[in-house]
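Worksheet: the structure to be examined is printed underneath.
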Amino acid sequence: MDARSDSRVKHIDFIFIDLFCVEISFVLAIITRYGLTDFIAILTNSTGEDYKAFRLVNVVLILAYLVFMLFTGPHTGIVKRGHLKEFWNVFILNSEILFTLFAFLYVIKVSAIYSRLMIGYFFLFDIAIMMLLRTFRKEILKIKFLDGSESAGVLLVAQTDTAETFIHTLMNNNSGFYHFKGIIFTDNYSESEFMGIPVIKQKDMLNYVKLNPINDVFMLTKSGGRLASQFINMGITVHRAMDLETPNMINASLNQIGNYTVITSTISRATLGELLIKRICDIFFSIIGLILTAILTVFLAPIIKMQAPGPVFFKQKRAGKNGKIFTMYKFRTMYVDAEERKKELMSQNEMKGLMFKMENDPRIFPAGNFMRKASIDELPQFWNIFKGDMSLIGTRPPTLDEYENYKRHHMSRLAMKPGLTGMWQVSGRSDIKDFEEIVRLDNEYIRNFSIGLDIKIFFKTIGTVLGMKGSK
């Protein structure tokens, strides 16, 4: 993965913004050139020649944007770009799209039937709207980077003589995306801080990672091979300098950060294209899921209120990707004192390991049993999927008390976004009693991730739900 690819992964939101700009600019260009009445007439006549002609142009514009986005990296360093550089970037990108459109229309010999004035309007509208929305999004990101809500937590493994230079390099080249959470020194360093960054002892590493979500580890030491493997197995992305030995670096790829060339390794082999498709599907299905949730709420809310007075929705803090804490939502299926009563029932836990589960849980009210069996209680999590805290397919997010007791190899479950459904849920979750088996299934999903596997799990989930094989 090069710097351009890394930029696209970090700022995938700008891709959606740009695509929205292309679409809205094209619509505005047609309305400006032909008028609103003619635009509506074209839109409503899907079999007409005008509709087909404009649809062709729209497809070419989208494809041209995607090609130039993938191969020219228009989002590299986008957050720290000034207004003038941003305008130039937007101008060049739209010029490339415009040239591609003209070349396509010329090659297929139909350019004469299209209004050049309309295409000119599109060019101007897209520059203006894309510039405006990119600037607005960057300002929001800068605020979030400052409060740490969107920045990626970084751990540095280095010697004292190499740490300072690298810290300056990363801070000057990260667009505010990376935030140093700690340093592990492999030589003697007795202070508790270095350049204002906490110094972590290796023996305290696991607990520190739990309390401070870490996305990336940068290693500038030759003696950290075993440590690198531990981080990778915990689901954390590891970057090692090129001039170092790189044992056990699975799914390795090249990356450039400032004047450092590093080899990047991660437990997941998901590509940019796969992540983009996955996110698009998440947004699409979450919108459908939220509509269904809203409809069912009308019917379920009175039942929940009657059988167990209290809130309709259950909110709980969960650990997400790399341990980032988020609030997960469900339809409430238990009495309001369920969390307090859990301690009394721990002796009846049927699960071996960190999770809690028991047959005929007395904390569940009657309608709650049906909602769980039919998996209806999970529907409000489509809001988590829409927000980006979760994905449609993934691993199940642990509760905070489970997460606090995680061992090192359990952390790998958090290498990808948690999901509404996943490998465990379609592998007979009611019959699996061993937490280590759940960890194995989650790791199998992460290490073998593909869009094809997601599709397979999706259809298996439908069969599980229709067969009323939900959580009991």
Side-chain angles (χ1 to χ4, degrees), residues 1 9 152-155 157 181-182 184 200 202 204-219 224-240 246-253 263-271 274-275 278 318-326 328 351-355 389-391 393-427 429 432 434-450 453-454 457:
M1 181 184 294
V9 171
V154 168
L155 199 62
V157 180
K181 292 291 187 72
I184 296 176
I200 315 303
Q202 289 193 37
D204 300 326
M205 180 182 71
L206 178 59
N207 287 332
Y208 192 81
V209 169
K210 288 181 183 178
L211 296 173
N212 300 271
I214 302 296
N215 301 81
D216 299 80
V217 172
F218 289 89
M219 304 198 69
R226 183 170 173 272
L227 200 57
S229 297
Q230 290 176 352
F231 282 122
I232 293 170
N233 289 329
M234 289 166 66
I236 299 173
T237 299
V238 174
H239 313 271
R240 297 202 76 191
T246 55
N248 303 318
M249 297 288 280
I250 60 173
N251 299 323
S253 59
I263 291 182
T264 299
S265 180
T266 177
I267 192 173
S268 173
R269 62 181 185 182
T271 65
E274 288 174 325
L275 292 175
K278 188 175 176 70
R318 296 287 183 110
K321 183 179 178 182
N322 296 121
K324 184 177 180 180
I325 308 302
F326 71 98
M328 191 182 79
M351 289 291 295
K352 178 184 177 182
L354 300 180
M355 296 179 68
D389 296 326
M390 295 175 61
S391 181
I393 313 293
T395 63
R396 287 304 288 161
T399 60
L400 297 191
D401 57 339
E402 292 170 7
Y403 179 61
E404 288 169 1
N405 291 298
Y406 266 20
K407 296 179 180 178
R408 193 169 289 158
H409 68 284
H410 297 149
M411 299 292 290
S412 58
R413 295 185 69 229
L414 306 178
M416 292 186 72
K417 282 184 183 179
L420 179 64
T421 185
M423 191 80 81
W424 168 45
Q425 288 87 335
V426 298
S427 300
R429 62 176 174 171
I432 298 175
D434 190 347
F435 176 67
E436 295 300 331
E437 175 63 12
I438 294 172
V439 174
R440 186 193 68 77
L441 288 169
D442 286 341
N443 273 281
E444 182 181 335
Y445 169 74
I446 293 170
R447 292 177 184 272
N448 298 287
F449 167 78
S450 68
L453 180 58
D454 269 17
I457 292 173

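Residue indices begin at 1 and follow the sequence shown. A quick note: this is a predicted structure, and the numbers were derived from the prediction, not measured.
Looking at every heavy atom in both residues, V426 comes nearest to I457 through CG1-O, 3.8 Å. Here the closest heavy-atom approach between residue A319 and residue I325 is recorded as CA-CD1, 4.1 Å.
For the residue pair E402/H410, the side-chain donor-acceptor check at 3.5 Å is not satisfied.
With contacts defined as side-chain heavy-atom distances shorter than 4.5 Å, the pair F231/D216 does not qualify. Contact check for V217 versus V154: no side-chain heavy atoms found under the 4.5 Å cut-off. Proximity of I200 to K181: side-chain heavy atoms (C-beta onward) are nowhere separated by under 4.5 Å.
Ion pairing between E274 and K278 fails under the 4.0 Å rule for side-chain N and carboxylate O.
Atom CG of residue N215 and atom NZ of residue K324 lie 8.5 Å apart, to the nearest 0.5 angstrom. Within the model, atoms CD of E444 and OG1 of T395 stand 13.5 Å from one another, a figure rounded to the nearest 0.5 Å. A distance of 9.5 Å separates CZ in F449 from CD1 in I393, rounded to the nearest 0.5 Å. Atom CD1 of I184 is separated from atom CE of M219 by 8.0 Å, given to the nearest 0.5 angstrom.
Within the structure, salt bridge (charged side-chain N to carboxylate O under 4.0 Å, His left out) pairs that include any residue of residues 412-423 comprise R413-D442 (at least two apart or interchain).
In this structure, R318 contributes its side chain and P397 its backbone to a donor-acceptor pair below 3.5 Å. Between the R396 side chain and the P418 main chain, no donor and acceptor come within less than 3.5 Å of each other.
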Item to check | Step-by-step side-chain contact (heavy atoms from CB on, under 4.5 Å) determination, V439 to W424 | outcome: CA-CA 9 Å; V439 174; W424 168 45; over 6 Å; no

Checklist entry - Under the side-chain contact (heavy atoms from CB on, under 4.5 Å) criterion, do V209 and R408 qualify, and how do the steps go? => result CA-CA 10 Å; V209 169; R408 193 169 289 158; over 6 Å; no

Next on the checklist: For a side-chain contact (heavy atoms from CB on, under 4.5 Å) check, start with the C-alpha distance between L414 and N322, then their side-chain angles and the critical distance, and finish with the verdict.
Outcome noted: CA-CA 5 Å; L414 306 178; N322 296 121; 5.7 Å; no

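Shown here are the ring-ring contact (aromatic ring centres under 6.0 Å, His included) partners of Y403, two or more places apart in sequence or in another chain: Y406.
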